[in-house]
Amino acid sequence: MAPPTNKAVAAPRWSHTPTTPLLLWLGVSLPLVAWDTGYMLMRPHTMPGGSLHWPLWVPYALYGEVDHLYGFKQWHLKNSFAAAQSLMNLVESLMYLGYLALWYSYGKPAAPGGRKAVGGRVGAIAALLGFSAAVMTVSKTVLYYSSTIARPSDANSPTSTEPDEDDRTFDPRAPRSNFSLYPLEYLLYCEDCHQIRCPRCVTEEIVTYYCPNCLFEVPSSNLKSEGNRCFQCPICIGPLAVTSVETKPDPGLLAAPDSASPHSGPYALTCSYCNWSSTEVGIKFEKPNSIHAQLAKLRNGGETRLTAKEQKERRKDPSYRPQAAAQGELGEAEALDLETQFANLKLLYQKQLADPNAADNGLAALGDLGFSSPTSLSRIMSIYTGGSLQDKKPKSRVGAMREALEANEGLQLADLDESAAIAQLQDEGLDGTASTSQLADQPPNIGEVHLHGSDRFISELRPIPYLLRTKRSKRCPVCRHIISKPEAKVQTTRFRIRLVAGSYIPSIAIRPLSLSSGSSASGAAVPGALLEPLKPTHFLLTFKNPIFETIKVTLGAPAKTPGRFASKVTVLCPDFEIDANTDVWDEALKEGGERDRERERRRRKGEEGSGGGSNNNHNQLEVGKIWERGRNWVSIVVEVVPASLTVEHGEGPLREDEDVLEIPMFVRVEWEAETGGEDVGTAPSKDKEAREKRELAYWCVLGLGRIRQ
Amino acid sequence: MSSKRHSILPPVSSGPKPPVHFSSSITIADSAVLTGTHPIAIHSESVVHPRARLDSLAGRLTVGRRCVVHERATLGAIGTSGRITEAAVTLGDYVVVEVGAAIEAGETVIGEGTVVGVGARVGAGAVIGKHCTLTPHTEIAAGEVVPDFTVVFSNGMRRTDKRGVAELKNKGLARQIDVLRRMIPSNPAKFA
Ligand SMILES: [Zn+2]
Ligand SMILES: [Zn+2]
Ligand SMILES: [Zn+2]
Ligand SMILES: [Zn+2]
C-alpha cells in the first residue's frame, strides 16, 4: 500500500492494487469489527439479558467479565470511552469498505487473470482512503496499549466506586456516612450555586486569631514574632498569672499586715488553682511583660540559652575555643539543644551536597553499601528503569555522604546514663511522672535539651502558651462566594454573612402518630418510646417551607431500610406542594386574601372529601394524600414496620446502635424563582419577570427511635 | 405555695446553744449558726461568715488564729463518716474553709495555712498537713493523712506545693481578714 503522492496523481499510468495479506486481513478484521461495534453501540440490548444478546453476542457475556470495558461494570459507570472508540472503529471500517469498493468497482485487471488494479484519480482516492484507515488502525492500537498500561487497577480506582455510591440508596450505617451526615443546623447554603454546603466542602479563611484566655486579638503579622501572651499551667491547664516573687517574706505570724509593697522583679508565672509556679522549674522573669520572648531564652533551671546565631558567632570567636577546651566543655560531648543540633546537621549535609567531590569516607561501612551516597540513588533508579545491570558496580564512591563527627557538625552522643532518672523515679514515685496528656500539651520549646533524658517528670514541665483560636469565614468551593463570615471583633458572636441551609431547604419534624381508633395500627405515641418490632407504626413528618416560593417536594425512600435488620418503610404521600413562607401579616392583609382563602378552603375540602386531612377524619390513612396542611407546612404520614431484632444462629451479636431505626430519604425540592436576582448584568433581556425552575436534591436520614429488643 | 423565697437554713434557735470561747478580736456574723453541746473555741482575728455552720454536737470545735470560715461551710458535721469524739474538729492557724466545704467530726485536724476549697469534703479523723490546698470539690477520705504542702486535685491527683510562699500566703490572708473585718458586721455577743 504505497502512500499516494502528488506525482502519483499526475501520472495517469500509475495504478494501485491491494496485496494478498491486506485482503486477507480485511477479510478477517472487517466482520470482527462489525460484530464488536454492533455490540458496543447497541448496548444494553446486546448485553446479557438484552433482547439482541442471543445468539449473535453470546460470547460477549464471558468477555465482559474479563474486560470490564465491555461488561456491566463500566456500563454502569457510564464509561463512554468504549462506545467512542467503537464509533471510531465504525468510521475506520467504512473507510476500508470504501477503499475496497473503489478498488472492486473501478479496478481493471492489469493482465488477463491477474488481480484488478485501479489507476488514475480513482486509484489515488482509493489509496488515500486505505492509507488513512491504516493510520487510524495503527493509532488506535497504540492507544489501546497505552490505555491498558496507564489504567489503574479496577479495584482501587476512585472512579470505580464513587459514581456507584451516587446511585445507591444512602446507607446511614455505612462507616463513611458519619462523615457526610450533619444536623441541618450545621449546613450552609450557597445562593449562587443553589447547593447545600457542609463543613466538609467549604473552604475556610481565618478572619481573626485570638487568645481564648484574654480574648486579645493577635494581628496575624505578629503571630510568629510575638507569640502568646497568656500561659497555661502545665500541671492542671489553669491560667497562669504573672506575679512578682518576693524574696524576703516577713516572719512573725501575727505581725500587722504591712502596706502593699511595690511590685518589683523577679517575676514568675503562678497557677492559682494548683499553686504551681514557674520557680519550680527554675524560671524567673525579669520583666512582667513579653513573657514569651523571655521564656524562649530560658532553659529549665534558669540558664539562658544562646540562639543559634549567637552560638555560631561564639564558635567563630577564636578566643572561645581554647577557653572552652580548657573548661572541658568541648572535650567529649557538648550538649546541644535540638535546634542547634538540627542546624549543624543541616549545614553539614548541605555542604556535602553542594560539593560532591569532598571525598571523606567518614563512615566507611555505610559508604560501602552506598546507602548514604547521592549517586547510589541514581544507580538504583537506573536498575529499575533501564535494566543496564552491568552498570551495577559503582564507578566511584566519591559522593558518599559523610556523617557528623563533631558537635559543631551536629554529632550528639546519646546519654545512656539514666541513673539520675531512675533515682528520681524511686524518690518521687509514679506521681512524679508527667501524664501523657501533660506531655502532649508541652509546647516544642525553643532551646529544649536533647531528647535523651528529656521531660518525663512533672518537675520538668514548662508553662504552655495558650493555643490561639480563630474565627473563620467560609467560602463556597465552587463559586468562591462567602457563605459565612463572622464579625471580626473577638467579643461579638454575631455574623455578617451566614447563609444557613435551614433557611433554604425545608425542615422536617418527626412526631409519632397515634391513631385513636382503628385496630390496624397503634404506634409509639409517646416520643422516645421503644418501637415494637413487626408492628406497623405511623409517624407524622412535617415539612416546613422556609422560602418565599411555593415548593414542590418529592420524597424517595427505600422500601426496606439498609442494614442487617430491614424495616419496611412506606411514605404514604411522597409527592406534595408546600405553600410559600409568606409573612403571616401579609397573608392576612392581602387584598386578594379573600380569593386565596377561598382557594385554600377548596383545596382542603378536596382532601377532606377524599378522607385525608381533616381533624375529624383522623383515623383514615390514604395513600397519596397529605395529612394536614398549614400556611407554609405540610404533614405527611410514613408507615414503618420495624424489623425484629432476633439474631439468627451463627450471626454476630447485635452491634452498637443497630437497634436504631433510621430511614434514608431522598428529598427533591423544586421551585420557581425569579431569575436575574443575582446576575442582573448578564441577562437584562425582555421579560424581567422571567422565572426559572430550580431544583435541589439530597439524601437525608430520619431517626425514628429504637426498636425494642 | 408562698412566692417568698425560703431560707436554706432552718430557724436558728432549733438546737441547743453551745458554750463558746471567743477571742475578743474575732469577727462572727450575726447569721452564723452555732449549735451543739460541746464547747466552740474561736481564736484571735478569725472570721466566721454569715450562714457558716459550726456544729459541736459530736465534740469540741477549735478554730485557730486568723482563720476564715466562709458561707455555708460546715464544721463538725456528722455527715457520712462523722463520729462523736472529744475533739471534733481542730483548725490550725490561717486555715480557710471555703464556701460550702464540709469538715466532718471525729478528731479531724486541718493544719496551719491550709485552704479547704469550695465544696470540698474532709472525712472524719482525716489529718491535713500544713499549707495544703484542697482544690474545689475534693474529697478526703475518713482517717486519711495528707502530708504538708500537698495540693489535692478533685480527681484525686496530688502534687507538692514547692513555692515556699507559706509566709506570703499568711500575709495575704491577714490582709484579707483586715478587709473582711470591716465588711462583716460582727455580733459575738449573740452567741455568748
Ligand atoms: Zn459537603
Ligand atoms: Zn491571652
Ligand atoms: Zn495549675
Ligand atoms: Zn457557590
Side-chain angles (χ1 to χ4, degrees), chain A residues 233-261 263 266-284 300-301 424 427-438 457-461 463, chain B residues 23 25-26 43-46 64-67 92-96 98 112-115 117-118 120 130-138 146-182:
Chain A
C233 172
I235 310 291
C236 72
I237 68 160
L240 292 178
V242 181
T243 52
S244 75
V245 183
E246 288 173 58
T247 40
K248 185 176 65 68
D250 203 337
L253 287 176
L254 281 171
D258 50 10
S259 56
S261 55
H263 287 291
Y267 297 88
L269 290 168
T270 51
C271 171
S272 57
Y273 181 72
C274 70
N275 296 341
W276 182 86
S277 159
S278 65
T279 52
E280 281 183 30
V281 291
I283 292 180
K284 287 178 187 170
N300 283 357
Q424 196 178 357
D427 190 35
E428 295 179 17
L430 209 57
D431 283 344
T433 58
S435 68
T436 36
S437 63
Q438 282 172 339
F457 289 96
I458 278 185
S459 53
E460 291 162 7
L461 298 177
Chain B
S23 158
S25 56
I26 69 158
H43 293 285
S44 53
E45 294 191 39
S46 285
R65 292 176 296 173
R66 283 190 178 161
C67 291
D93 299 341
Y94 293 101
V95 169
V96 177
E98 278 282 358
E112 181 196 324
T114 288
V115 177
V118 174
K130 291 177 178 176
H131 304 291
C132 293
T133 305
L134 309 186
T135 63
H137 291 286
T138 305
V146 179
D148 294 355
F149 296 105
T150 306
V151 179
V152 185
F153 295 88
S154 53
N155 63 3
M157 247 175 68
R158 290 173 190 213
R159 65 182 297 271
T160 310
D161 181 358
K162 298 187 198 112
R163 290 176 304 168
V165 290
E167 303 299 333
L168 225 67
K169 255 171 75 180
N170 289 354
K171 234 162 73 183
L173 187 58
R175 274 190 219 127
Q176 194 192 348
I177 289 172
D178 213 37
V179 176
L180 289 177
R181 285 171 72 171
R182 273 177 264 151

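Letters A, B, ... are given to chains in the order of the sequence lines, protein chains preceding strands, and every chain is numbered from 1.
The distance from atom NZ of B:K169 to atom CG of A:N275, rounded to the nearest 0.5 Å, is 5.0 Å. A distance of 7.0 Å separates CD1 in A:I458 from CZ in B:R159, rounded to the nearest 0.5 Å.
Across every non-hydrogen atom of B:T133 and A:Y273, the tightest pair is CG2-O, 4.3 Å.
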